[in-house]
Amino acid sequence: QILLTRENFGCGSSREHAPWALEDYGFRALIGTSFADIFFNNCFKNGLLPIRLPQAETDALFAQVFATEVYRLKIDLDSQTVTRPDGNVLRFDIEPFRKHCLLNGLDDIGLTLRHADKIRAFEDRRRAEQPWLFS
């Protein structure tokens, strides 16, 4: 469920199809040194967690993966940590709003629908004030 990547992962994959494909394949998180900007943003919009770690930490993860037959990482989004099998804990940064959205399963539509009552009230008021728009 975790894909370990190299520098500028997702470059040339600016459309949302790239994160969709990764998620459809079963990935929930990506770990790398850097990600292409549009790809990075589209990951969050589609529920995929891209984690940026320093080069030395990413290189160490790759070395451990190649040296270990069954290698498992644990990601804790709430505490913003990646725990290696040897117990070493790596911290990562994430914007609070993006973290909130991922933890609560909110995409752009979900964020909008949280205001459904206000949207409905606006549309009802608009229909009453400007009925010619709806005939």
Side-chain angles (χ1 to χ4, degrees):
Q1 295 182 325
I2 301 169
L3 179 63
L4 191 56
T5 70
R6 292 289 186 187
E7 186 176 338
N8 202 27
F9 186 81
C11 180
S13 304
S14 62
R15 292 189 172 85
E16 290 190 9
H17 297 90
W20 287 346
L22 291 168
E23 188 175 28
D24 285 348
Y25 196 77
F27 291 109
R28 302 293 297 136
L30 312 171
I31 298 175
T33 56
S34 64
F35 298 93
D37 288 339
I38 296 172
F39 174 82
F40 184 77
N41 291 321
N42 282 336
C43 284
F44 285 106
K45 291 181 178 210
N46 290 284
L48 199 57
L49 173 62
I51 297 172
R52 291 184 215 162
L53 292 177
Q55 184 74 49
E57 291 178 359
T58 303
D59 289 344
L61 290 175
F62 269 103
Q64 290 175 354
V65 165
F66 289 129
T68 309
E69 188 171 326
V70 178
Y71 189 79
R72 297 200 190 280
L73 295 170
K74 179 183 174 197
I75 296 174
D76 185 335
L77 176 56
D78 201 34
S79 66
Q80 296 175 217
T81 59
V82 176
T83 305
R84 298 184 338 195
D86 61 9
N88 191 354
V89 177
L90 311 172
R91 296 205 37 80
F92 64 90
D93 292 324
I94 182 171
E95 294 174 15
F97 177 73
R98 287 181 165 170
K99 179 179 176 178
H100 169 80
C101 289
L102 286 174
L103 287 173
N104 292 286
L106 295 170
D107 60 8
D108 289 346
I109 294 169
L111 288 167
T112 301
L113 290 177
R114 292 184 338 174
H115 304 285
D117 292 340
K118 292 178 183 176
I119 294 168
R120 236 182 323 281
F122 171 83
E123 289 297 330
D124 290 345
R125 189 173 60 252
R126 186 168 174 234
R127 184 179 297 273
E129 292 171 355
Q130 299 172 328
W132 61 88
L133 295 175
F134 299 91
S135 55

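Count residues from 1 along the sequence. The model shown is predicted, which means the values in this text are computed figures rather than measured ones.
Expressed to the nearest 0.5 Å, how far CZ of R52 lies from CZ of F40 amounts to 3.5 Å. Atom CG of L111 and atom CG of L106 lie 5.0 Å apart (nearest 0.5 Å). A distance of 9.0 Å separates CG in L49 from CD1 in I2, rounded to the nearest 0.5 Å. Rounding to the nearest 0.5 Å places SG of C43 at 12.0 Å from CD1 of I38. Remark: I75 CD1 to T83 OG1 distance equals 9.5 Å, nearest 0.5 Å. Taken to the nearest 0.5 Å, the CG atom of L103 stands 4.0 Å off from the CG atom of L77.
Residue pairs meeting the side-chain hydrogen bond (donor to acceptor under 3.5 Å, both in side chains) criterion with at least one partner in residues 65-78, sequence neighbours excluded, are Q64-Y71, D76-S79.
Within a 6.0 Å radius of CD in Q1, other residues, nucleotides and ligands contribute 12 heavy atoms or fewer. Remark: D93 CG is loosely packed, at most 12 non-hydrogen atoms of other residues, nucleotides or ligands lying under 6.0 Å away. Annotation: F134, atom CZ; neighbour count of heavy atoms from other residues, nucleotides and ligands within 6.0 Å is above 12.
The closest side-chain heavy-atom distance from Q80 to F92 is below 4.5 Å. Put simply, the side chain of L73 reaches to within 4.5 Å of the side chain of L61, judged on heavy atoms. In this structure, P50 and I31 have side chains that are not in contact, with every pair of non-hydrogen atoms separated by 4.5 Å or more. Counting heavy atoms from C-beta outward, C101 and F44 have side chains that stay 4.5 Å or more apart. Taking 4.5 Å as the limit, every side-chain heavy atom of V89 sits out of range of all side-chain heavy atoms of V82. The side-chain heavy atoms of E129 and R125, taken from C-beta on, include a pair separated by under 4.5 Å.
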For R98 and N41, what are the C-alpha separation, side-chain angles and deciding distance, and is it a side chain to side chain donor-acceptor pair (under 3.5 Å)?
CA-CA 10 Å; R98 287 181 165 170; N41 291 321; 2.3 Å; yes
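Judged by a 6.0 Å distance limit and a 45° cone about the ring axis, R6 is positioned over the six-membered ring of F62.
A donor-acceptor pair under 3.5 Å links the side-chain atoms of D107 to the main chain of I109, judged by distance alone. In terms of modelled atom types and a separation under 3.5 Å, the side chain of T81 and the main chain of L90 share no donor-acceptor contact. A donor-acceptor contact shorter than 3.5 Å links the side chain of D86 to the backbone of N88.
Ion pairing between D108 and K45 holds under the 4.0 Å rule for side-chain N and carboxylate O. Look at D117 and R120 and you find a salt bridge, because one of the NZ, NE, NH1 or NH2 atoms lies within 4.0 Å of a carboxylate O, short of that distance. At a threshold of 4.0 Å, the pair E23-R28 counts as salt-bridged, since one of the basic side-chain nitrogens sits closer than that to a carboxylate oxygen.
Here the closest non-hydrogen pair linking T33 and E7 is OG1-CA, 3.3 Å. The heavy-atom pair separating R91 from L53 by the smallest distance is O-CD2, 3.7 Å. In this structure, T58 and G32 approach most closely via the heavy-atom pair OG1-C, 4.0 Å. A pairwise comparison of heavy atoms in N8 and F35 identifies OD1-C, 4.0 Å as the closest pair. Of all the heavy atoms in L102 and L48, the pair that sits closest is CD2-N, 4.3 Å.
Residue L133 is not grouped with residue F122 when hydrophobic side chains (ILVMFWY) are merged at heavy-atom distances under 4.5 angstrom, including chains of intermediate members.
Using bins of under 30°, 30° to 60° and over 60° for the plane-to-plane angle, the ring pair H17/W20 lands in the perpendicular bin.
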